[in-house]
Amino acid sequence: EIMIRPSVSFQNYRSNSLQEALTYDAINGLQELISDARNSNTSKNWGYDISNNLIYRARLGKAGRTLTTDLGFRINQNDSKGYYDNFIHYLYDNDSVDIRKNNSFTDGYTLNGSVRYTEPLSQYSQINLQYRAEYRYSDGDRKVYMYDPALGHLSADFSPYWSNVM
């Protein structure tokens, strides 16, 4: 008897958020604005996951005696992009600017297999012997680009502190 179990999934996700805040200080009974802040986040994620298992079971003469093999594979990939923008304007101090853009990419695959032998010992018991092997590979890169206040925009080089590539 042969059984095939395929599976496919796709992901596509987008997210946006915006937060704004005003900070006041009470001086001489009057409320005075001391800072205003804006924080925005945008992200986009896309990926897929594909897998398949092939199972073959053979009956070997005696009732309950079987040999089963299972072969499988899985491949997956994910691509994510994000943008983080945080700006705080202080009325009595220097402004604070933190802008980051990140790009992440991962992919991988898995190969696996097993062989199982079942032998009946009595009407109510059996013994199972199984050997299973699996190999996994995964690779991922993350690059984060930081805002450079001297340039007034994002740096063309990614930040080694926040990234995992050289």
Side-chain angles (χ1 to χ4, degrees), residues 2-55 68-116 130-166:
I2 295 177
M3 182 171 30
I4 299 172
R5 295 187 325 205
S7 173
V8 177
S9 72
F10 294 96
Q11 305 91 35
N12 190 7
Y13 173 78
R14 291 174 186 250
S15 172
N16 295 306
S17 69
L18 176 64
Q19 296 173 331
E20 295 180 323
L22 301 174
T23 304
Y24 292 90
D25 193 9
I27 300 174
N28 297 327
L30 301 173
Q31 289 201 357
E32 181 179 11
L33 178 66
I34 59 171
S35 71
D36 65 285
R38 182 191 75 241
N39 180 310
S40 67
N41 286 295
T42 303
S43 66
K44 184 169 75 167
N45 188 14
W46 180 89
Y48 66 85
D49 188 282
I50 300 171
S51 64
N52 192 20
N53 276 34
L54 173 66
I55 301 170
T68 306
T69 59
D70 182 354
L71 299 172
F73 78 90
R74 176 182 180 183
I75 58 174
N76 58 319
Q77 193 173 82
N78 187 289
D79 188 10
S80 177
K81 298 183 182 347
Y83 189 79
Y84 171 81
D85 182 352
N86 186 34
F87 175 79
I88 302 174
H89 173 68
Y90 297 100
L91 270 59
Y92 303 111
D93 203 353
N94 294 330
D95 292 343
S96 170
V97 177
D98 182 11
I99 300 174
R100 287 179 242 159
K101 179 178 108 175
N102 72 65
N103 297 326
S104 299
F105 180 80
T106 59
D107 68 337
Y109 64 90
T110 303
L111 303 172
N112 59 48
S114 69
V115 176
R116 184 176 349 166
Q130 180 176 0
Y131 177 78
R132 180 166 180 76
E134 182 172 277
Y135 176 78
R136 290 180 187 224
Y137 171 81
S138 180
D139 188 25
D141 291 336
R142 178 184 168 120
K143 295 179 183 175
V144 177
Y145 301 87
M146 304 294 289
Y147 177 77
D148 186 339
L151 298 173
H153 57 77
L154 289 169
S155 172
D157 298 322
F158 56 87
S159 166
Y161 181 76
W162 294 98
S163 304
N164 72 345
V165 294
M166 296 293 179

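Note that these values count all heavy atoms, side chains included, but never hydrogens, waters or copies made by symmetry.
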Hey, could you give me the CG/CG distance between Asp36 and Leu22, rounded to the nearest 0.5 Å?
6.0 Å
Any chance you could measure Asn53, atom CG, to Asp70, atom CG, to the nearest 0.5 Å?
5.0 Å
Is the number of heavy atoms from other residues, nucleotides or ligands within 6.0 Å of CZ (Arg132) greater than 12?
yes
Report the residues that fulfil side-chain hydrogen bond (donor to acceptor under 3.5 Å, both in side chains) with Glu134, sequence neighbours left out, ordered by chain and then residue number.
Arg136
Rounding to 0.5 Å, atoms OH (Tyr109) and CG (Asn76) come to a distance of 12.0 Å
Phe105 side chain near Asp139 side chain, heavy-atom distance below 4.5 Å
no
Closest contact, heavy atoms only, Ala37 versus Ile88:
CB-CG1, 3.8 Å
Quick one: pull up OG1 in Thr68 and CE in Met3 and give me the separation to the nearest 0.5 Å.
9.5 Å
Taking all atoms of both residues into account, what is the closest heavy-atom pair of Asp85 and Arg38, and its distance?
OD2-NH2, 3.4 Å
Correct closest heavy-atom pair for Asn41 and Tyr84 would be OD1-CD1, 2.8 Å
Thr23 and Ser35: side chain to side chain donor-acceptor pair (under 3.5 Å), yes or no, with the steps?
CA-CA 5 Å; Thr23 304; Ser35 71; 3.3 Å; yes
The reported gap from CG in Leu18 to CG in Asn16 (rounded to nearest 0.5 angstrom) is 9.5 Å
Quick check: closest heavy atoms across Thr106 and Gly140, and the distance to 0.1 Å?
CG2-CA, 3.8 Å
To the nearest 0.5 Å, what is the distance between CG on Asn78 and OH on Tyr48?
10.5 Å
Heavy atoms, side chains only, cut-off 4.5 Å: are Asn103 and Tyr145 in contact?
yes
Exercise: do Ser9 and Gln11 side chains pair donor with acceptor under 3.5 Å
yes
With sequence neighbours left out, what residues match Asp79 under salt bridge (Lys or Arg N to Asp or Glu O under 4.0 Å)?
Lys81
Check the angle between the aromatic planes of Phe87 and His89 and answer parallel, tilted or perpendicular using the 30° and 60° thresholds.
parallel
Do Ser40 and Thr42 make a side-chain contact, defined as non-hydrogen atoms from C-beta onward lying under 4.5 Å apart?
no
Decide yes or no on side chain to side chain contact (heavy atoms under 4.5 Å, CB included) for Tyr13 and Ser80, but give the supporting numbers first.
CA-CA 9 Å; Tyr13 173 78; Ser80 177; over 6 Å; no
Result for side-chain contact (heavy atoms from CB on, under 4.5 Å) between Ile75 and one of Ile50, Asp49, Leu111 points to Ile50
